[in-house]
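A quick write-up on the structure given underneath.
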Amino acid sequence: MDIQEPSFKTLFDQLGLPSSPEDIDAFIEEHRPLDAEIMLWKAPFWTPAQAQFLRDGIKDDADWAPVVDRFDTRLRKESLTS
């Protein structure tokens, strides 16, 4: 069985969000920049289940942690090209 490292697509699938590259970019564009004072999982646009998944993925240093960190970084940038 070939196990892949989680990606943005699999993260968005797990969160129950559309997961095409265009959908991911649109989500990030819509919600960025996330204020540096707000923890990713405390952002107002998550459902309670999504917030818990993100919080647990980082807190438990789960397999999801690297992709959640990359996602967090992209949400905090001023633009997708910066």
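Everything numeric here is computed off the predicted structure, so don't read it as measured data. Heavy atoms only: backbone and side chains are in, while hydrogens, waters and symmetry mates are out. Position 1 is the first residue of the sequence, and the numbers go up from there.
- Taking NE2 from His31 and CG from Leu75, the interatomic distance works out to 8.5 Å, rounded to the nearest 0.5 Å.
- Atoms CH2 and CG, from Trp41 and Leu54 in turn, are 9.0 Å apart once rounded to the nearest 0.5 Å.
- Side-chain contact between Asp13 and Ser19: present, with at least one pair of heavy atoms (C-beta onward) separated by less than 4.5 Å.
- Atom CD1 of residue Ile38 and atom CG of residue Asp72 lie 11.0 Å apart, to the nearest 0.5 angstrom.
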query = Would Leu11 and Phe71 satisfy side chain to side chain contact (heavy atoms under 4.5 Å, CB included), going step by step from the backbone distance to the final call?
reply = CA-CA 9 Å; Leu11 176 63; Phe71 177 54; 4.0 Å; yes

Expected list for residues 42-49: side-chain donor-acceptor pairs under 3.5 angstrom, two or more places apart:
residue: Trp46; atom: NE1; partner: Leu40; partner atom: O; Å: 2.9
residue: Thr47; atom: OG1; partner: Gln50; partner atom: N; Å: 3.1
residue: Thr47; atom: OG1; partner: Gln50; partner atom: OE1; Å: 3.3

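- Residues Arg76 and Met39 approach most closely at NH2-C, 4.0 Å, considering heavy atoms.
- Closest heavy-atom contact between Pro33 and Lys77: CB-O, 3.6 Å.
- Taking every heavy atom of both residues into account, Pro18 and Asp23 meet most closely at CB-OD2, 3.2 Å.
- The shortest side-chain heavy-atom distance between Arg70 and Val67 falls under the 4.5 Å cut-off.
- Leu15 CG to Thr10 OG1: the interatomic distance, rounded to the nearest 0.5 Å, is 9.5 Å.
- In this structure, the side chain to side chain contact (heavy atoms under 4.5 Å, CB included) partners of Asp69, at least two apart in sequence or on a different chain, are Ile58.
- With Phe8 as the aromatic partner, Arg74 meets the cation-pi criteria of under 6.0 angstrom to the ring centre and within 45 degrees of the ring axis.
- When all heavy atoms are compared, the tightest approach of Gly57 to Ala65 is O-CB, 3.5 Å.
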